[in-house]
Structures are given as C-alpha cells and as structure tokens.
K.L.:
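Mind having a look at this structure? Questions to follow.
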Amino acid sequence: MTRRWKTIHPRVKGLLHGGDYNPDQWLDSPDVINEDFLLMELAHANTFSVNIFGWSAIEPEEGVYRFEWLDRIMDRIAERGGHAILATPSGARPAWLSEKYPEVLRVGANRVRNLHGQRHNHCYTSPVYRQKTARLNRMLAERYKDHPALILWHVSNEYGGECHCDLCQEAFRNWLKQQYDHDLAKLNHAWWTGFWSHTFSEWSQIESPAPHGEDQVHGLNLDWKRFVTSQTIAFYNNEVKPLKEITPDIEVTTNFMGSYPLMKPDTGLNYEEFAKAVDVVSWDSYPAWHNDWQSTASLAKDVAFVNDLYRSLKDGRPFLIMESTPSQVNWHEINKAKRAGMHKLSTVQSVAHGSDSILYFQWRKSRGSSEKFHGAVIDHVGHEHTRVFADVAEVGELLGKLPEISGTTVKAEVAIMFDWETEWALADAQGFGKNKKYIDTCQEHYRVFWEAGIPVDVITPDKPVNTYKLVIAPMLYMIREGFAEKMERYAEQGGTFVTTYMSGIVDRHDLVFSGGFPGPLKPLLGIWAEEVDSLYPKEVRHFVTSEGVRYQSHDYCELIHAVDAEVLARFDSDFYEGQPAVTVNRRGAGQAYYIASRNEARFHDDFYARLMKELNMAPPHAIQFPKGVSVQARTDGETDYIFVMNFTEERQTVKLDQDYRNLDSGHSIHGNVELQPYGILILKPIS
Ligand code: GLA
Ligand code: ZN
C-alpha cells in the first residue's frame, strides 16, 4: 500500500527551495529587490520566508501600519508562482514597544531586566507582549488569508531562553500549584526539600533557580525547565490562536534549533512537548562541516541522528529544513566555507532523512550589523557569478527533478530513544563527573545502523514501540510512569529492548528510585545494579564474552547482579572481576539486554551485527558500500528512493546489485559506480 504524507499546502507540489528573505532591510533600494527576484529564477528558488524580523517595518509607530511593502513582496512572489512562508515578527520588537512597555523585556536569572536591543529578548508571560503580538498576527492573517503566495505560518523565530521577571515568577508558582494539586507538602516531598533545610512553608517563597552555583534543588530546576517549555508553548499558542481562527487551512510551524538544545544539555526547550503544538516540524541546521575534531563521516552521523529525531517527533511526517547556510555561518568558533561538493551533499542528506525542503538563512547578505558576514545566496558583490550561488543553483535544479520524493518518509525497524528530560536531569546529577555524554552515547549506538544503511527512528519515550523489532534506550536515567510496563509488554510480544548503565535511576521528579537500579526496569531486565564506578580518562577495564571475545570499557563500569538474566559477558579486571558486563533476559517472545559499561565501538559493531542478523534486519536496498558512505532510504510504501552519500574526502566505489534509475541524470545504472569525494547518487529501483 502506498502512503504519502500530504504536502504542507495543496499548492505545494514538490520540494521547497529558497529561504529567509529580508527585503525590509532594502526598502530604499528597489533595484536590489528587482535583482533579488531575477536571481530567484536563476537559483531555481520557489519559497521565501518573509517578515521574520519585520515588525518595525510594518508598525513603525504604535498603531501606524505600513503593510504596502509586504503586500508588494507577497504579490511578486505569487506572480512568479512561488510560495511565501509568512512569519509573525515577535522574535524582535520595535524600540517604541520596549520604551513604552518595559515589561516586555526579559529579566535574567540575576533578576536584572535587559535593556532594549538584541532579539529573542522578550518575556513570554507579559500580557502586553501577548496582546500586541496576537493583535498583529490577527492583522497579518486578515490581510493575507487569501493571498496566493501564502502556504505556511512561521511563528516567531527560534523560541528559546527564559525570563525571571515577577510576572514569570507568579506564573511559575501558579503552574506548580496545578502540578501539585495546590498541595505544598506534595511539592516538598517531590523536591526532597528536607535536604539542606529547603522546605517551603508558603508558595510565595518559591522562585526560579538562582544564577549561582549548581547546588540547587534538582526537582525545582527540573520543574522550572518544564515550566519554561510550557510557558513558551503558551506564548506560541497565544500567537497561533488568531491564525487558526482566520486561516484554519494554513498550517503552522516554528523553527526549532538544531544544535542548541542538543549540544548545551542544561538549556533549551523540550521539543518533544513543543512538537505537539506545531502542524509540521521545521528546524535550523548548521553543522560545522570540515571541523578539526571529527571526521566528516562522524559529523554526518550526528547530523543524521538529529534529522531522524525531528522526523520522528511527528511520527514520520516529512519535516522542513527552515534554515541552513549556503556556505558559512558567522557564529561557529571557526567559520569554514563549504568545500566543493559539500553544499550538495549536506542538503541531500537532509532530504534523505525526510526533509521536504532546503531553505537557507539567508537570501541576501545584510550590509550592516551582526550578520553582515553570515553566508547567503547573494553575496555583497550582488551578482550570480559566485561559487556559492552556483552551488545553490545546482541544488535548486536537482531538487526540481525530485518532486515525487516529497511526502515520502522513512520506514524504520529500529528505534533509538532520546529524552530531553533525561538530558536535563543528567546535566544536574552530581557524582558522574563531566563524562556523561548522553547525546554522544545515543549517537554512538545509532552509528552502527547508520553505517549499515539501516534506517532508524529516534523517538521519545512516550512514542508507541510495537512497530519496531529493536528499541535501544542508552542511559535512560529518568523513567516515566508506565514506561517499564510498556516495555515489558513490548518484550512479551516479541520485541528486543536494549538499555545500558545509568538507566532507571530517577523518577520524573528526579528522585532516586528506592530498592536498587534500574528501578522499575529491574523485572524486565532481570538484574539489579549496585554501584557505578567512574574511570579517569586514560583508564580502561575489560570484559570477556562467553565465546571468549575481549572488549574494552571506559568512563563507566556498573556493578550489576544477574537475578533472572543470563550473563553474556563478565568483567575480567579490578574488584568487579567476574561480575556481569552484558546480560539478556528472555521475556515472553522477546528479550531485554543490559550493557553495564561504556564500551569501545568494536563492541557495538559486533553486538548489533549479531542482533541485526538474529532479528532479520537488512537494509532496504541492494547496495554494497564502504565505510564513510551513507545509504539512506525514503519510501511511500511501494517505491523506494535511495540516497548514496560519500562523506569522505576520497573517491569511493559502491556496488549496485540491481538496476537503478539515477534521478539526477535520468540514466539507468548498476554494478560498480565511483563516487567523487562528497559525491552523491539519488536512485530509484527499476523493477
Ligand atoms: C538562526 C536565526 C537566523 C540567523 C541564523 C544565523 O538560525 O534564526 O535569524 O540568525 O541563526 O545562523
Ligand atoms: Zn517574564
């Protein structure tokens, strides 16, 4: 049976190509804007996100509106058959607004109010800000509801950060009252406030975390982060309300950040929650290609993981790359230009994992301010005769040949679990040192499948699991209510579950489970864990499997006891010599594995190779390919689309064991095919 997801709008027929367009910076230069529209043709660009930072251009004074420029831009986009992703401009405010209503400005953790300036510098609680943004959104929706360019709402920009003003403190206390049924004793218990005399006797004593020190009440920290996510979504919903009322058929998104929440574990929003409030997930992807600490293939695997995570947030619905750079950014430590071939390779990678768009930040470089040297399709030189423009045009032309890929998705038999709240709680946990590396660990388990060309979903713990043959939850430190029971049912019915050291340690309040680890997962895993031994960076330990194969561990070795589980490997050194290192517990038709230490890559290679074989998991294509090449597949259930990507600096040969159509050249190919460094192939099987 074929199944395609609908596109974001009936007018959208294929993949989107284009990006953030800020003509509001060029309103006194009509020639520049004319040139923009000419160059859009040459770049094969069909979609533009407009008005993202347009507030002071559409409302230069309070109550004085100037929509004419935006009308004209929308019309011109429509005239050439293009699409507009129309933004609500709440990401940055005009000076008059901050001047007249200082409450809209954000207050830092030090309780000092920010001055006007910057962007993303507003309070999510302020009634004035909510009212002003909702009003403006209503006007935008009324004005453009029937506009032939409008395909999608881009609500605000990269929501993030937090505000500690009095309004937010009050809202936090009210939110807590809801969570704890107005029962302060319940809250005191959940936060374990008997520790260091933290007990609260009045709700008014509760405040957001202070900026100093890490020795804070962990339950408070966790609830504050949850509140910040919830308040941000409430602000977003307030923005969306008039849009849904006036344009019920136009879908709504907001651009999530790629690396920010994933690389700074103790900040950011919980996108698992936020995803529920958007119609379609979109995100901004800025990997540091060509960096000096990681091979291209290793970074590609990390980026692949994030793509798979964002696709899985909406159960496989294709997502949008809302921003990416055509060349370099201006905010990495070192801002490298993309080497020849990398632009095409990196954009094709997003499509391979489920993106239905390649959109850039930005169309034209600003002449002033902090982003004047950030990559753009049109550089300061102003014409199309640049390397970057040629790269963009080439991608535009390629995407134009792939309309049938839009709406297809990835079908995975294996899922890796990633949990934002585990990440937050682990970041707070003192005692495991600085090596926790939760995301890196998930990505290391993911690597084996990525290298094998086996599609993976990266899911959050609440998602259904029954369609997967294998579910892997590395370091699942926090266990939610009902999770253990769900995974028990999964195993009973034939599923294979894998988890590791440092799993099942705290409940949703960050309270440690009594009665041994991994808490509620003990019956499923058939073990109990007593201690976690941390190792210095240069220290290693070893364990030996029952077949006599020896592997190396580092960072963490957990001391576990097999209760019902079968022991597959045992440590052979230190005081835990002889204790289990890997176990399996057979449950019903399925099984649950426990890996007690952080291990070398070779262990993951062998362990998962065996599982893949046992579970009959094979790549959905007939292609043999070397390390460093990634092969990914999208499908509509009947037709597969195969993406072959060389993430190495060398030529590579792949072997196609059946006939394929090369969707770029239109030719059929089979047998040995040579890929250039960073070379790609997009293939469709010929049956
Ligand atoms: C973010 C923002 C954009 C721009 C880019 C630069 O993604 O949303 O407005 O600042 O970063 O990389
Ligand atoms: Zn506030």
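Just so you know, these numbers use all the heavy atoms, side chains as well, and skip hydrogens, waters and symmetry mates. Just so you know, ligand 1 is whichever comes first in the structure, and atom 1 is the first atom listed for that ligand.
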K.L.:
Tell me, please: is Gln362 in heavy-atom contact with ligand 1, that is, under 4.0 Å?
P.N.:
no
K.L.:
Of the side chain and backbone of His374, name the one, both, or neither that has a heavy atom under 4.0 Å from an atom of ligand 1.
P.N.:
side chain
K.L.:
Need the ligand 1 atom indices (1-based, order shown) with element for anything under 4.0 Å from a heavy-atom of Trp331.
P.N.:
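Counting atoms of ligand 1 from 1, those under 4.0 Å from Trp331 are 6 (C), 12 (O).
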K.L.:
Is Glu158 in polar range of ligand 1, meaning some N or O pair under 3.5 Å apart?
P.N.:
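Yes; at least one N/O pair falls below 3.5 Å.
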K.L.:
I need the atoms of ligand 1 closer than 4.0 Å to a non-hydrogen atom of Phe53, numbered in the order shown.
P.N.:
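Result: 9 (O).
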K.L.:
Tell me if the centroids of the rings in Tyr236 and Phe274 come within less than 6.0 Å of each other.
P.N.:
yes
K.L.:
Number the atoms of ligand 1 from 1 as they appear, then name those within less than 4.0 Å of a heavy atom of Asp284, with their elements.
P.N.:
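Checking each atom against Asp284, I get 7 (O), 8 (O).
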K.L.:
Asn157 heavy atoms, cut-off 4.0 Å: which ligand 1 atoms fall inside?
P.N.:
2 (C), 8 (O), 9 (O)
K.L.:
Closer than 4.0 angstrom, basic N to acidic O: yes or no for Arg80 and Glu41?
P.N.:
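Counted as a salt bridge, because a side-chain N and a carboxylate O are separated by less than 4.0 Å.
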K.L.:
For atom 4 (C) of ligand 1, what is the closest protein heavy atom, and at what distance to 0.1 Å?
P.N.:
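Answer, as residue, atom name and distance: Glu371 OE2, 3.2 Å.
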K.L.:
Would Arg364 and Asp36 pass as an ion pair if we require N to O under 4.0 Å?
P.N.:
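Yes, this pair counts.
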K.L.:
Which atom pair, heavy atoms only, marks the closest approach of Ala171 to Thr125?
P.N.:
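Looking at all heavy atoms of both residues, the closest pair is CB-CG2, 4.0 Å.
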K.L.:
Please check this pair: side chain of Thr347 against backbone of His343, looking for a donor-acceptor N/O pair closer than 3.5 Å.
P.N.:
yes
K.L.:
Decide, yes or no, whether a salt bridge links Arg111 with Glu207 under the criterion of side-chain N to carboxylate O below 4.0 Å.
P.N.:
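Yes.
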K.L.:
Look at the rings of Phe235 and Tyr129 and say which category their plane angle falls in: under 30° parallel, 30 to 60° tilted, over 60° perpendicular.
P.N.:
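Parallel, since the angle between the ring planes stays under 30°.
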K.L.:
Could you confirm whether Cys168 has any N/O/S atom lying under 2.8 Å from the Zn ion (ligand 2)?
P.N.:
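True for Cys168.
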K.L.:
To which protein heavy atom is atom 9 (O) of ligand 1 closest, and what is the distance rounded to 0.1 Å?
P.N.:
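The closest one turns out to be Arg119 NH1, 2.8 Å.
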K.L.:
Any idea which part of Met322 is under 4.0 Å from ligand 1, heavy-atom wise: side chain, backbone, both or neither?
P.N.:
neither
K.L.:
Return the closest protein heavy atom for atom 3 (C) of ligand 1 as residue, atom name and distance.
P.N.:
Glu323 OE1, 3.3 Å
K.L.:
Other residues, nucleotides and ligands only: do more than 12 of their heavy atoms fall within 6.0 Å of CD1 on Ile334?
P.N.:
no
